[in-house]
Novice: 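After the structure tokens below, expect a handful of questions from me.
So that the names make sense, note that chain A is the first sequence line, chain B the second, and so on, each numbered from 1.
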Amino acid sequence: MDPLEKLHQDARVTVRRGGPMNSEGRAVVYWMQRAQRVIDNPALETAVHAANLLKKPVVVFVSVVGDYPNANLRSYTFFAEGIRALAPQLVRRGIGFVLRAWPANDVNRFCDEVNPCLVIGDENPLRKPEHWRQSLSKHLRVPFWTVDADVIVPGKLLLKEQYSARTIRPRISALLDEFLVPVAESRPQVRWRSVKGLHSLSPDSDFLQGLPISRSVGPVGSLRGGTAEGLSLLRRFLRERLPGYAEGRNYPDREHTSRLSPYLHFGHLGPHTIALAVRGAEVPTEDKAAFLEQLIIRRELAVNFCRYNPHYDNLGCAEPWALRTLRQHARDEREHLYTERQLENAETHDPLWNAAQKQMVVSGWMHGYLRMYWAKKILEWTRSPEEAFAIAVRLNDRYELDGRDPNGYAGIAWAIAGKHDRAWGPERPVYGKIRYMSHASTSSKFNSKAYIAMVNSRAG
DNA sequence: ATCGGCTCGCGCAA
DNA sequence: TGCGCGAAGCCGAT
């Protein structure tokens, strides 16, 4: 078989546009969207592999869009830090790097200028990036493949939307031996040489300047973007926080979580890197198992949810039992009603909820256990489940560094719409049979006073 | 401290 | 067709 044929039969690869390679082309283009890294990146490795077979160089293209919904200076800064660190690593491997920002960031135009042999993309189940990929696919006259570098088990192997963790768990577990293996790195055989007239911004320039993005939410001081920063946080997690994770992760007043989600969101770290490091760590099995459940099963359930459910960010995603029960309670009286502004400003009667909201606004990160409580209370304190879903999505996407990510949508869908969950009795006002979380019980499961004090003193 | 009941539907065994 | 069981639930009984 033609070795190129063999390459695209990899389960990670989706052929978006087939046909013969353009042998007159200048290079293999890798349009780097989700997997913004040089290590453990199956999409980049597929591009290198194909380029070596074609005896051509590889050039990576990064587009800085000007209008991503709910993104702002906070998320763009983290993204830009990652991009800056990326460029020298690519150059060291002999791979070209072209960076363009809005309004001159059109990937279609870049491909026209380069005249590629083949274009490689990566995967991300969200609506907007998927639309961009489809639009490029229509535009191109050369083959276009996308490579799923976002998850350990390639998303398309799960075939359909999975009902719950219970149904996805055995399917993923059965494929882990095959897919949870180190991503082999190959050496590009033909170095990229700069091309006259092929415009690129310097990654060291302030390429965020002039973008029409919201500047109302500023960068966070505590976390910096980039693979190196992510790896150093990972090492610290393995050493200091993974031991005791199984028990400690549900205590927002303790430091037992990884905080790696922003690095996963921007692709500065890949799931393989983290999963293999955790699996190999010398800590109790139950701690490793509890973390891998989050990283692999829960995260890939969230990706599967967004990939197969077009309503992933609104109430339309819910199962019939959940819609039925929410509809029956649509007219229930709400004891507290807050506007989006009051919620945003952490002006509710509930000090625990306010502290969680403040932690998110100030630090760009809210503890996972409180994210559930936070979203469920928005359901309780707004006029309708539709409105609650929309507010939770906006606040999450605006303030969390890991916002605009499948994990966030799946979490909100779980809390407000019973997604991946089941009905629970007894029925309550507003919630119906959606699982309820009470203030009394939630705040007694950990030292909530210490948590509130911590947020108020240094905002998480 | 621990347990059962609340309640739904998937996926598999039969 | 029946049965087991599930992301973090709550609450009251023991």
Side-chain angles (χ1 to χ4, degrees), chain A residues 158-175 244-254 256-258 261 286-306 308-309 312 317-329 332 335 350 352-353 356 366-380 385 388 392 402 405-448 451:
Chain A
L158 297 165
L159 303 173
K160 60 171 186 176
E161 184 184 359
Q162 296 293 314
Y163 190 81
S164 66
R166 186 170 69 89
T167 67
I168 206 175
R169 193 176 291 113
R171 289 171 171 80
I172 287 183
S173 303
L175 294 167
Y245 176 85
E247 161 83 4
R249 72 202 171 92
N250 280 339
Y251 289 78
D253 53 309
R254 302 183 194 171
H256 265 297
T257 61
S258 74
S261 53
E286 62 161 333
D287 292 326
K288 295 201 270 189
F291 183 80
L292 292 174
E293 169 79 9
Q294 301 302 310
L295 174 69
I296 305 176
I297 303 298
R298 306 304 318 186
R299 180 169 180 273
E300 300 197 3
L301 179 61
V303 172
N304 168 271
F305 168 57
C306 292
Y308 292 102
N309 193 322
Y312 59 78
C317 72
E319 299 297 333
W321 70 265
L323 288 176
R324 214 180 303 131
T325 194
L326 285 170
R327 206 179 307 123
Q328 277 170 8
H329 291 269
D332 290 358
E335 200 185 332
D350 177 348
L352 178 59
W353 193 95
M366 189 194 298
H367 191 281
Y369 188 72
L370 284 171
R371 291 192 193 202
M372 298 185 285
Y373 180 74
W374 175 85
K376 283 190 179 289
K377 292 298 153 183
I378 298 178
L379 171 62
E380 190 174 331
D402 60 21
D405 187 274
N407 272 324
Y409 301 122
I412 291 166
W414 175 84
I416 290 175
K419 196 75 204 179
H420 304 142
D421 205 5
R422 58 167 164 142
W424 287 91
E427 276 191 70
R428 286 162 200 281
V430 185
Y431 291 84
K433 293 168 186 168
I434 303 288
R435 185 193 299 252
Y436 178 70
M437 287 175 81
S438 73
H439 176 268
S441 152
T442 303
S443 57
S444 68
K445 284 179 180 167
F446 59 95
N447 189 341
S448 55
Y451 171 77

Novice: Starting from C1' on dG6(C), measure out to CZ on R169(A) and report it in whole angstrom.
Specialist: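 After rounding, the reported distance stands at 8 Å.
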
Novice: If I take atom CD1 in residue I416(A) and atom P in nucleotide dG9(C), what distance separates them, rounded to the nearest angstrom?
Specialist: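 Result: 18 Å.
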
Novice: Specify whether Y312(A) and Y409(A) have parallel, tilted or perpendicular ring planes, treating 30° as the upper limit for parallel and 60° as the lower limit for perpendicular.
Specialist: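 Because their plane-to-plane angle lies in the 30° to 60° range, the rings of Y312(A) and Y409(A) count as tilted.
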
Novice: If the P atom of dT7(B) is compared with that of dC11(C), how far apart are they to the nearest Å?
Specialist: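 Here dT7(B) and dC11(C) have their P atoms 16 Å from each other.
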
Novice: Any base atoms under 4.0 Å from R249(A), or only sugar-phosphate, or nothing? Heavy atoms, all strands.
Specialist: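 Base contact.
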
Novice: Going by the side-chain contact (heavy atoms from CB on, under 4.5 Å) test, name the single residue among V303(A), I168(A), T167(A) that passes it with L158(A).
Specialist: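 Per the side-chain contact (heavy atoms from CB on, under 4.5 Å) rule, the option paired with L158(A) is I168(A), out of V303(A), I168(A), T167(A).
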
Novice: Using a 4.0 Å heavy-atom cut-off across all strands, classify R298(A) as base, sugar-phosphate, or nothing.
Specialist: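 Touches a base.
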
Novice: W321(A) CH2 to dG9(B) P: how many Å, rounded?
Specialist: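 Atom-to-atom, W321(A) to dG9(B), this comes out as 9 Å.
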
Novice: Starting from P on dA7(C), measure out to CD1 on I296(A) and report it in whole angstrom.
Specialist: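 To the nearest whole Å, that distance equals 16 Å.
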
Novice: Please pick, from dA8(C), dG9(B), dA7(C), the nucleotide with the shortest atom-to-atom distance to any side-chain atom of N250(A).
Specialist: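 Nucleotide nearest to N250(A)'s side chain: dA8(C).
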
Novice: Would you call R428(A)-E380(A) a salt bridge at under 4.0 Å N-O?
Specialist: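 Answer for the salt bridge query: no.
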
Novice: Rounding to an integer number of angstrom, what distance separates dC3(B) and dC5(C) when you compare their P atoms?
Specialist: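 Between the two P atoms, the distance is 16 Å.
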
Novice: Between atom CZ in R435(A) and atom P in dC10(C), what is the gap in whole Å?
Specialist: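 Atom-to-atom, R435(A) to dC10(C), this comes out as 9 Å.
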
Novice: Rounded to the nearest 0.5 Å, what's the gap from OH on Y163(A) to CZ on R422(A)? Could you check?
Specialist: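 Between Y163(A) OH and R422(A) CZ, I get 11.0 Å after rounding to 0.5 Å.
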
Novice: What pair of heavy atoms forms the shortest contact from V430(A) to D332(A), and how long is it?
Specialist: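 Nearest pair, atom of V430(A) first, then D332(A): N-OD2, 2.9 Å.
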
Novice: A side-chain contact here means heavy atoms from C-beta on lying under 4.5 Å apart; do D253(A) and S448(A) qualify?
Specialist: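 Not in contact.
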
Novice: Report the C-alpha distance between Y373(A) and H439(A) in whole Å, list the side-chain angles of each, state the deciding distance to 0.1 Å, and finish with yes or no for side-chain contact (heavy atoms from CB on, under 4.5 Å).
Specialist: CA-CA 8 Å; Y373(A) 180 74; H439(A) 176 268; 3.1 Å; yes

Novice: Output the pairing pattern of DNA chain C as a dot-bracket string, 5' first, Watson-Crick or G-U wobble with both distances under 3.5 Å, | for cross-strand pairs, [ ] for crossing pairs.
Specialist: ||||||..||||||

Novice: Distances under 3.5 Å only, N/O to N/O: pair up the protein atoms with those of nucleotides 3-7 of chain B.
Specialist:
residue	atom	partner	partner atom	Å
dC6(B)	O2	G425(A)	O	2.5
dT7(B)	O2	R422(A)	NH1	3.3
dT7(B)	O2	A423(A)	O	3.3

Novice: Distance check needed: dA7(C) C1' versus K445(A) NZ, whole Å only.
Specialist: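 These atoms are roughly 12 Å apart.
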
Novice: Side chains of E286(A) and K288(A), heavy atoms from C-beta outward: is any pair under 4.5 Å?
Specialist: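 The answer is no; the side chains never approach within 4.5 Å.
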
Novice: Roughly how many Å apart are dA1(B) and dA7(C), using the P atom of each and rounding to a whole number?
Specialist: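 Rounded to whole Å, the distance is 26 Å.
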
Novice: Give a yes or no on whether the backbone of G418(A) and the side-chain of K433(A) come within a donor-acceptor separation of less than 3.5 Å.
Specialist: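 Checking the backbone N and O of G418(A) against the side chain of K433(A), no donor-acceptor pair under 3.5 Å is found.
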
Novice: Separation of Y436(A) atom OH from dC10(C) atom C1', in whole Å?
Specialist: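 For the pair Y436(A) OH and dC10(C) C1', the rounded distance is 9 Å.
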
Novice: Mind listing the N/O atom pairs, protein and nucleotides 10-14 of chain B, below 3.5 Å?
Specialist:
residue	atom	partner	partner atom	Å
dC10(B)	O2	R166(A)	NH2	2.6

Novice: When you check the phosphate oxygens OP1 and OP2 of dG6(C), does a side-chain N or O of K419(A) lie under 4.0 Å from one of them?
Specialist: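 K419(A) to dG6(C) OP1/OP2: no side-chain N or O under 4.0 Å.
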
Novice: Nearest-Å distance, OH (Y369(A)) to C1' (dA7(C))?
Specialist: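 Distance, rounded to whole Å: 11 Å.
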
Novice: Starting from the C-alpha separation in whole Å, work towards a yes-or-no answer on side-chain contact (heavy atoms from CB on, under 4.5 Å) for D402(A) and N407(A).
Specialist: CA-CA 8 Å; D402(A) 60 21; N407(A) 272 324; over 6 Å; no

Novice: With rounding to the nearest 0.5 angstrom, report the CZ to CG distance, F446(A) to L370(A).
Specialist: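 F446(A) atom CZ to L370(A) atom CG measures 4.5 Å (nearest 0.5 Å).
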
Novice: Hey, is the side chain of S441(A) poking within less than 4.0 Å of OP1 or OP2 on dC10(C), counting only N and O atoms?
Specialist: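 Yes.
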
Novice: Between M437(A) and Y369(A), is there a side-chain heavy-atom distance shorter than 4.5 Å?
Specialist: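 Answer yes - side chains close enough.
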
